[in-house]
Structures are given as structure tokens and as C-alpha cells.
Amino acid sequence: MPELPEVEAVCRRLRKQALGAEIAAFQAQRPSVASPQTPDDIARATDGARLRAVRRRGKNILIDLTGGSTLRVHLRMTGDLYVIPDVRFRPVTARAWFELSDGRALIFDDSRALGKIHAYPTPEIENVLGHLGIEPLSKAFRPETLIDAARKSHKPVKLLLMDQTIIAGLGNIYAAEALFHAGIDPRLPANRIRAARLRRLHAEIVRVLRTAVQSASIAYMSPGRFSEAESFPLAVYDREGENCGICGRRIRRIPQGGRSTYFCPGCQR
DNA sequence: AGTCACCTGATT
DNA sequence: AATCAGGTGACT
């Protein structure tokens with residue numbers, strides 16, 4: 001589910017459904033959702049507050065509240081955040097929820113229970129997220145940004161792309177997809193890739209993410225729970241053994257940084 | 001720079 | 001029973 005495009009889609013849906021809503025109560029089915037903070041910390045920051053704005057920074061969802069607090073929600077691997085008409089309809093995988101004054105509920109649904117909700121004074125958010133790198137869909141993300149970062153790193157370029165302190169929001173799927181479309185072998189040390197190819201990679205990162213945001217926003221906004229997070233075809237991700245749509249060679253899967261990287265040995269060199 | 005722990009559920 | 005999963009931070 002959630003890399004930058006899916007998180008962005010959740011933010012858009014939240015704005016549509018819950019901006020202005022008032023929080024009546026916070027409940028944590030699993031206290032660790034707030035760790036190292038406590039459910040009481042979250043309740044204190046949110047009781048009686050209204051949702052003022054919903055922002056995204058990398059894969060973080062930021063909910064600014066009246067009263068001066070901001071919630072930071074991280075979906076990690078399996079999290080989702082959505083509004084339902086009545087808290088009694090929540091799924092068993094609801095790890096925490098906010099009861100809204102209008103009777104609805106904002107559900108933090110997370111089957112794997114790795115996601116987090118934290119509360120901070122709004123101005124502190126800058127420091128909390130200060131380690132994050134550039135937003136890849138912002139104007140500030142230039143080819144030179146990538147070229148400079150690559151020059152300083154000898155790790156495999158796929159791991160560079162997934163480093164949140166360099167680019168905020170790229171994850172395993174879209175890093176692999178961008179590298180495929182740029183024709184770059186994910187194993188290449190970043191500092192051994194020529195500037196011209198990094199320019200191409202920059203363009204493909206932006207293109208892949210924009211496409212995915214569009215797709216995810218439509219998928220998440222349609223009524224009911226999303227089940228197919230990716231409704232547009234991925235070129236290499238999760239396609240080990242299939243034939244590449246461009247050159248026909250078998251797509252490979254290799255471990256990188258403890259996770260799977262998919263790539264086409266014909267197209268990516 | 002690489003490995004592991006955090007969790008649950010789906011798949012092999 | 002074993003392996004894998006789109007993330008991240010804390011270890012070695």
C-alpha cells in the first residue's frame with residue numbers, strides 16, 4: 001500500500017471527508033500505536049480539537065488541529081486511515097480510532113500493527129521531520145539534486161532512492177519502477193552513474209510518482225475499501241519470472257538491503 | 001554498511 | 001512449517 005502516492009491519496013480523501021470535523025474521543029485498541037508516546041498523550045492533544053488541515057511530508061500524514069497540536073500518522077507497511085459512519089462498524093484490524101462529534105469515526109486500520117500515531121505541538125513538526133530529504137514532486141527536486149546525492153554515495157542506486165533522508169517518499173515499488181523506466185541496473189553504485197542517466201532517472205521518478213498519485217487517488221476515493229492499491233500496471237515489481245514487456249527477457253528478483261528488488265536484466269544496465 | 005526487530009497475514 | 005510482504009529505526 002503506502003508509498004508516497006498512496007499516502008497522498010489518503011491525505012486527499014481525508015481532506016474531503018474530515019476537514020473541520022471535531023474529535024470527541026481517542027481510543028487505542030493497541031497502546032503501542034502511540035509508542036514511545038501514550039494513548040493519553042494523543043487524547044490530550046486531540047480531545048475537542050477540529051481538523052484544520054491535512055498535509056503530507058514524505059510518507060507521513062500530518063493532521064493540523066485547532067488547539068495547536070499536529071498529529072503525525074505513519075502507515076508503515078499496512079496502515080490505512082479513513083472515515084466510517086459509525087465506530088461500531090470498525091474492522092478488527094482497527095488499532096486506534098478517533099470518535100468524531102458528528103457520530104462518525106476516523107479509523108487507523110493496520111493489520112500488521114507497525115504504523116504509528118504521534119502528537120506534537122504544531123511548530124515542532126519541522127524538527128520531528130527535519131531529517132527527511134526533498135519532496136520528489138516539488139519544484140525543488142531538480143536533476144542536480146539527484147546528481148549531487150549520487151556523487152556522494154557508493155551504495156547501490158536503488159538503496160539511494162529509498163533513503164528517506166535524500167528523497168522523501170520513494171519506496172520499494174516505485175524505486176524499482178523508476179529504475180526500470182530509466183534503464184538503470186539497481187545494483188549500480190550511485191556514484192558510478194553518469195549525469196545524463198541520472199537526469200533521465202530524475203524525470204522517470206517524477207513521471208512514475210505522478211502517474212501513481214493519479215491512479216491511487218482515484219482508487220482510494222471510490223467508495224468502499226480499496227483492495228487493489230495499484231490499478232495501473234507495474235512494469236517489473238512483483239513480476240519475477242515474467243517476460244519484460246520491452247525486451248522479452250525474464251524479470252529477475254534479487255535481495256537488496258534486506259528486501260526484494262525486481263528488474264529486467266535486458267533493459268537495465 | 002549491513003542485519004534485525006517490530007507485527008500479522010497471505011502464500012508456498 | 002517456512003517464507004514473504006510496499007517501512008523504519010536501532011542495533012552491530
Side-chain angles (χ1 to χ4, degrees), chain A residues 1-10 28-37 56-61 72-81 91-96 108-118 127-133 136 149-150 152-180 186-192 205 208-209 211-213 215-217 219-220 225-241 251-263:
Chain A
M1 275 159 266
E3 295 183 31
L4 182 154
E6 294 77 23
V7 174
E8 177 63 28
V10 168
Q29 175 240 44
R30 182 178 296 242
S32 63
V33 74
S35 168
Q37 299 183 357
R56 181 190 57 73
R57 182 75 174 88
K59 300 170 192 168
N60 295 271
I61 299 167
R72 175 179 61 145
V73 180
H74 201 299
L75 304 175
R76 294 283 184 98
M77 300 280 258
T78 53
D80 193 9
L81 196 59
V92 292
T93 48
R95 306 305 182 192
F108 182 63
D109 187 344
D110 184 14
S111 63
R112 226 170 136 181
L114 294 170
K116 294 292 173 195
I117 301 176
H118 296 134
N127 310 322
V128 171
L129 301 178
H131 62 104
L132 288 179
K152 296 185 205 130
S153 171
H154 35 262
K155 63 183 172 190
V157 59
K158 160 93 167 348
L159 298 186
L160 182 76
L161 295 188
M162 291 176 64
D163 182 341
Q164 301 299 297
T165 70
I166 310 287
I167 299 174
L170 262 192
N172 202 35
I173 296 179
Y174 299 114
E177 292 294 306
L179 285 165
F180 170 78
R187 298 166 293 189
L188 274 185
N191 61 0
R192 290 196 14 227
I205 289 168
V208 163
L209 287 178
T211 307
V213 165
S215 175
S217 296
Y220 282 37
R225 290 292 323 285
F226 58 86
S227 47
E228 310 301 320
E230 272 73 39
S231 55
F232 74 98
L234 299 173
V236 288
Y237 181 78
D238 204 20
R239 292 185 180 279
E240 181 183 22
I251 293 167
R252 291 225 289 138
R253 175 168 74 100
I254 57 167
Q256 268 191 316
R259 44 198 348 106
S260 290
T261 293
Y262 299 85
F263 72 105

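Numbered from 1 within each chain, the chains take letters A, B, ... in sequence-line order. Just so it is clear, the model here is predicted, and its values are computed rather than measured.
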Task: Distance, P atom - from C:dC4 to B:dT3, rounded to whole angstrom - done: 14 Å

Task: Any A:Y174 side-chain N or O less than 4.0 Å from OP1/OP2 of C:dG6 - done: no

- [ ] Please name all residues satisfying salt bridge (Lys or Arg N to Asp or Glu O under 4.0 Å) with A:R112, sequence neighbours left out, ordered by chain then number.
- [x] none

- [ ] Using whole Å, report how far CG of A:D238 lies from P of C:dG6.
- [x] 9 Å

Atom pairs and distances, side-chain donor-acceptor, residues 153-162 of chain A, under 3.5 Å, sequence neighbours left out:
unit_1: A:S153; atom_1: OG; unit_2: A:K155; atom_2: N; d: 3.2
unit_1: A:K155; atom_1: NZ; unit_2: A:D163; atom_2: OD2; d: 3.3
unit_1: A:K158; atom_1: NZ; unit_2: A:N172; atom_2: OD1; d: 2.6
unit_1: A:K158; atom_1: NZ; unit_2: A:T261; atom_2: OG1; d: 2.8

Open item on the list: I need a per-nucleotide contact map over nucleotides 7-12 of chain C, read 5' to 3'. Cutoff is protein heavy atoms under 4.0 Å; write B for the base, S for backbone only, - otherwise.
Closed with: BB----

Task: Listed partners of A:S260 passing side chain to side chain contact (heavy atoms under 4.5 Å, CB included), at least two apart - done: A:R253, A:Y262

TODO: List in chain and number order the residues that pass side chain to side chain contact (heavy atoms under 4.5 Å, CB included) with A:S32, two or more places apart in sequence or in another chain; answer none if no residue qualifies.
DONE: A:R30

Task: Separation between the P atoms of B:dG9 and C:dG9, rounded to whole Å - done: 24 Å

Task: Bounds of contact between DNA chain B and chain A, in 5' to 3' order, using a heavy-atom cut-off under 4.0 Å - done: B:dA1 to B:dT8

Open item on the list: Once you apply a heavy-atom cut-off of 4.0 Å, does A:S32 come out as touching a base, just sugar-phosphate, or nothing?
Closed with: nothing

TODO: Indicate yes or no for a side-chain donor-acceptor contact from A:Q164 to the backbone of A:G133 under 3.5 Å, with no hydrogens or angles considered.
DONE: no

Open item on the list: Taking salt bridge (Lys or Arg N to Asp or Glu O under 4.0 Å) as the definition, give me every residue that meets it alongside A:R239, ordered by chain and number, with sequence neighbours left out.
Closed with: A:E242

- [ ] Please name the residue in the list A:L4, A:I61, A:V10 that meets the side chain to side chain contact (heavy atoms under 4.5 Å, CB included) test with A:R56.
- [x] A:L4

Open item on the list: Dot-bracket for DNA chain B, please. Rules: Watson-Crick or G-U, both distances under 3.5 Å, ( ) within the strand, [ ] when a pair crosses earlier ones, | for another strand, . otherwise.
Closed with: ||||||.|||||

Task: Partner residues of A:H118 under the side chain to side chain contact (heavy atoms under 4.5 Å, CB included) criterion, sequence neighbours left out - done: A:P36, A:Q37, A:R72, A:K116, A:Y120

- [ ] Using salt bridge (Lys or Arg N to Asp or Glu O under 4.0 Å) as the criterion, list what pairs up with A:R57, not counting sequence neighbours.
- [x] A:E135

- [ ] To the nearest 0.5 angstrom, please state how far the CG atom of A:L170 sits from the CD atom of A:E3.
- [x] 7.0 Å

Task: Residues that A:S217 engages under side chain to side chain contact (heavy atoms under 4.5 Å, CB included), provided they are two or more places apart - done: A:A9, A:R12, A:V213

